[in-house]
Structures are given as C-alpha cells and as structure tokens.
Amino acid sequence: MITVTRPYFPERETFDRYVDSIFEGRWLTNHGPLEQELTRRLETYLGVENLLLVSNGTLALQIAYRALGIAQMPGQYESAEVITTPFTFIATASSLKWEGMQPVFTDIDPDTLCLDPARIESAITPRTRAIVPVHVFGNACDVEAIDALGEAHDLKVIYDGAHAFGVTYRGNSLLSHGDASTLSFHATKLFHSIEGGAIIFKRKEDLERARKLINFGITGPECIEELGINAKMNEFQAAMGLCVLDEIEGNLESRALVWHAYAQALRGNVQLQTRQTGASLNYAYFPIILESESMLLEVMQRLQQEGYLARRYFCPSLESLSFLGRPAAELQDEDVITPQIVHSTDIASRILCLPLYSGLEVSEILGAVRIIVNRHVKAA
Ligand code: T4K
C-alpha cells in the first residue's frame, strides 16, 4: 500500500554514531549535548534566532501560549478568546481549549486555504487575546496583514508552522513572523525527530521564560520559580533530528520530484491550493480539491482499490466539533460573536491529500494520477 506519508529513515550508521555518543556520555535528557547541537544547527538551517526544542508540536503551541501570557488571566481564565482557523489539524484548536481558552473560528480564504485576514477584525472582542493562524500545508499565511492586525489590536500572534519547516517568505524565514511560530517534528513530517517540536520566539525574554516552563519552572537545584510542565526533548529524539537534518537536501529533492510530477499532471484538471506569492515550497503535502464530496469519495475508493491511501486532511472543519464550542453559560452572552464558516466547511468536504514522501518514485504515482484525471474527464 502506498500511504499518504512515510517517515524518513536516515542512514542507520549515522544514527548509530549519534547513539554511541549518547552511551559514551551517559546523558539522556534535560538539555543534553545533542539537544544543544540540534538547536544550534536548526537556527542556522532555518535562519532564525530564539529557537526552543520541545517534545512535540502540540506542547510547542501550549508552551508558546503560556510563555506569551495569553493562557493566564486570573478571573477571566475561561473567557479568553483566541481567533484561529477551522481548517487545520485538531491540535491547533484543542491546544487552546486544553489551556482554558476559547477558540473563535473565522473563515479561510478558499484559494490559499489559510485564515482570511479580512474576516479577523470583526471577530475581535474585548476578550480576544491572540490570533493563531496556520501555514496550512506549508503555504504562507498573509503574514503582513495578520501581524499588522495583531499590532493594531494589541493581540499576540502565534503562527502554527507545523507544516512550514524551511519555508522562506520574501527571502527570510517565514517562521520569524509573529510573537512566536511553532513547528512539529512528528515522524510523519518532512523533518522529524520521531516526536518533537520547536518554538521560535521573536523576543529572547519569551524564550527564556519558555525554557523554564518546559522544565517544571525549575531554575536551579533548589529553585522552582513558577508553575511549569515537562516538555523537554530527549537525546534520542535529538539524535534522530540531527541525522534527518544531515540528509535534508536529498529528502527535499526526492519530494520535489513527486510534487512537481503531480502538479504538472493535475494542474487544470483539479483545483490546487493557490500558493502565496513570495513564499518558497517545502513539498510537505499535495492536496487536491475535488468538485464534490461524492466525487472525492469515489476517487478515494478507486485509489484504495489500486493501492493508494490518500487522506482527508483536514476533515471535519473544526467549528463542527461541539467539544471545542463555548460553555453553555457564555452562549447567552450578547457580546459573543459567532462568525459564519462557509469556505472551510466546503473545502474540508472535498479535499484530499495524495501520497507524498521521500523515496516515492514518480512512476509509482502515475496510477493515482490516471485515476484522478480519468474521473475528472468523465465528469466534465
Ligand atoms: N498543528 C498542525 C497544523 C499539525 O498538522 C500537527 C500535527 C500539530 C499541530 C501537532 O503536532 P504534533 O504534536 O503531532 O507534533 C498525523 C501526525 O500524527 C500529526 O503530527 C500531524 N499534524 C497530522 C497532520 O498527521 P495522523 O492521525 O494522520 O497520523 P497517522 O498515524 O494516521 O499517520 C499517517 C500515515 O503515516 C499513515 O497512513 C501511515 C504513515 N506512518 C505513520 C507513522 C506514525 C508510517 O508509515 N509510520 C509511522 O511510524 O496524524
């Protein structure tokens, strides 16, 4: 079966060398030498400062909210609102709810599939604390417009960049926008550390606070300064990250071949995500948008019969999940704004991500391309 993705496995010998160094140094976690090396190398590779490694991409979001102070408002804890996109993986919104905030969904742009900045302003209320947009499928959000909104309304902006590893925008790292950007290094991502993640802060003081938070708030042997949690990356995760980073260029080249083969064959046949001008590609995902949900189901089934496991990333649109909704008491509040979500619901019902990973041969995807094109031609 050709699955939607397959984790990148680096050279075993390289991994063994890093593991040997762990055994020799007898240091397994808590800010070890490999974690420090990976931090330095990622800052250089990505062209960013103030990068903090954490144990996964969901905790990266949670720690970013805490370090920036949006998750801590005594007395108002339950009613803090954060504007975010409904078209994303569940972790973007569930991390907010988990931290006691109310996600307020505003609609996406139906072409770029990212949060539409024109819809954000009308959803801002006195309770709004932050905006959490997502560079979905590695496509850059309209960062200029969103950063400007954050500044004008004194809101923190935290970009969920889980899909945006290595993406540049107008020559600089896309991840340097906002008060913070987060990354996921889950096994299924183009760069991974088995599980893992990172936060890139604009300000050094926020980085320093987050460094404390991921280690229980401890700052010295007998000093616990504030409430914290355990979100540290261990040395085996860092070892995997270092090996995957060693081979990142070949990984990207291999993905690029498949990505461009899909694009060439499918452009004009199905709707593709409109890429943000000025942003680079990282070949993380290849989504296609079919004409209807029934056509999507038919195409998916045909693909599966031929051995291709495409995935409905991201379905359902998150505003439909009642456990992310407002508590009943707040629903009676006249100040509560519930923005209308049209595009995200529609796109979520007919979007499909095609198999894409390093090592997948172009010849192996031709059957999938044929099924999609034939179905389209029959429908036209
Ligand atoms: N924000 C956004 C926007 C995200 O997309 C994500 C994660 C996060 C935040 C949170 O970051 P983390 O806390 O996860 O670091 C996968 C990933 O688990 C998840 O990390 C990712 N987004 C999401 C888009 O995809 P599933 O439920 O689709 O994974 P799963 O287990 O179905 O795997 C997908 C395919 O990969 C399978 O068909 C087979 C293949 N696979 C997977 C694994 C784990 C393998 O061949 N080997 C493996 O070891 O969520």
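These values consider heavy atoms only, across backbone and side chains, with no hydrogens, waters or symmetry-generated copies. Read the numbers this way: they start at 1 and go in the same order the structure lists the ligands and their atoms.
Ranking the protein heavy atoms by distance from atom 28 (O) of ligand 1 puts Y313 OH, 2.4 Å first. Protein heavy atom in closest approach to atom 6 (C) of ligand 1: F89 CD2, 3.3 Å. Of all protein heavy atoms, the one closest to atom 2 (C) of ligand 1 is A162 CB, 3.4 Å. Atom 36 (O) of ligand 1 has as its closest protein heavy atom T5 CG2, 3.3 Å. Of the protein's non-hydrogen atoms, H186 CE1, 3.1 Å is the one closest to atom 18 (O) of ligand 1. Looking at atom 46 (O) of ligand 1, its nearest protein heavy atom turns out to be P7 CD, 3.4 Å. Summary of contacts: the protein heavy atom closest to atom 30 (P) of ligand 1 is R311 NH1, 4.1 Å.
Residue-ligand proximity: K189 is placed with a non-hydrogen atom under 4.0 Å from ligand 1. Within the 4.0 Å heavy-atom cutoff, F137 does not count among the residues contacting ligand 1. In this structure, A187 does not count as a contact residue of ligand 1, since none of its heavy atoms falls inside 4.0 Å of the ligand. In this structure, T188 is part of the shell of residues with a heavy atom less than 4.0 angstrom from ligand 1.
A salt bridge does not link D206 with R209: every distance from a Lys NZ or Arg NE/NH1/NH2 to an Asp or Glu carboxylate oxygen is 4.0 Å or more. Between R127 and E81 there is a salt bridge, with a side-chain nitrogen of the basic residue lying less than 4.0 Å from a carboxylate oxygen of the acidic one.
Under a 4.0 Å criterion applied to the non-hydrogen atoms of T92, ligand 1 contributes the atoms 1 (N), 3 (C). Heavy-atom proximity to S184, at under 4.0 Å, picks out these atoms of ligand 1: 11 (O), 12 (P), 15 (O). Near A91, meaning under 4.0 Å from any of its heavy atoms, are these atoms of ligand 1: 8 (C), 9 (C), 10 (C).
Qualifying side chain to side chain contact (heavy atoms under 4.5 Å, CB included) partners for T14, counting only residues two or more places apart in sequence or in other chains: E11, R17, Y18, C243, D246, E247.
A donor atom on one side chain and an acceptor atom on the other are not found under 3.5 Å apart for E361 and S363. The closest side-chain donor-acceptor pair between H153 and E121 falls under 3.5 angstrom.
Between H260 and Y283, a ring centre-to-centre spacing shorter than 6.0 Å is recorded. The distance between the ring centers of Y357 and Y8 does not fall below 6.0 angstrom.
Atom CG of L366 has more than 12 neighbouring heavy atoms from other residues, nucleotides or ligands inside a 6.0 Å radius.
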Query raised in the report: Could you go step by step and tell me if T112 and N139 meet the side chain to side chain donor-acceptor pair (under 3.5 Å) rule?
Result: CA-CA 7 Å; T112 66; N139 197 20; 4.8 Å; no
Determine all donor-acceptor pairs shorter than 3.5 Å in which one atom belongs to a side chain in residues 42-53; sequence neighbours excluded.
| from | atom 1 | to | atom 2 | distance (Å) |
| --- | --- | --- | --- | --- |
| E43 | OE2 | N50 | N | 3.2 |
| E43 | OE2 | L51 | N | 2.9 |
| T44 | OG1 | R40 | O | 3.1 |
| N50 | ND2 | F201 | O | 3.4 |
| N50 | ND2 | K202 | O | 3.4 |

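Both the backbone and the side chain of T58 come within contact range of ligand 1, each with a heavy atom under 4.0 Å. With a 4.0 Å cut-off on non-hydrogen atoms, F9 does not touch ligand 1 at all. Counting heavy atoms under 4.0 Å from ligand 1, residue H163 touches it through the side chain alone.
Nearest heavy atoms, L183 versus G161: CD2-O, 3.1 Å.
Residue T88 has no N or O atom closer than 3.5 Å to an N or O atom of ligand 1. Between Y285 and ligand 1, not a single N/O pair is under 3.5 Å apart. The shortest N or O to N or O distance between G57 and ligand 1 is under 3.5 Å. Considering backbone and side-chain N/O of D160, one or more are found under 3.5 Å from N/O of ligand 1.
Between the side chain of Q237 and the backbone N or O of N234, at least one donor-acceptor pair lies under 3.5 Å. Looking only at distances, a side-chain donor or acceptor of N282 sits under 3.5 Å from a matching main-chain atom of F165.
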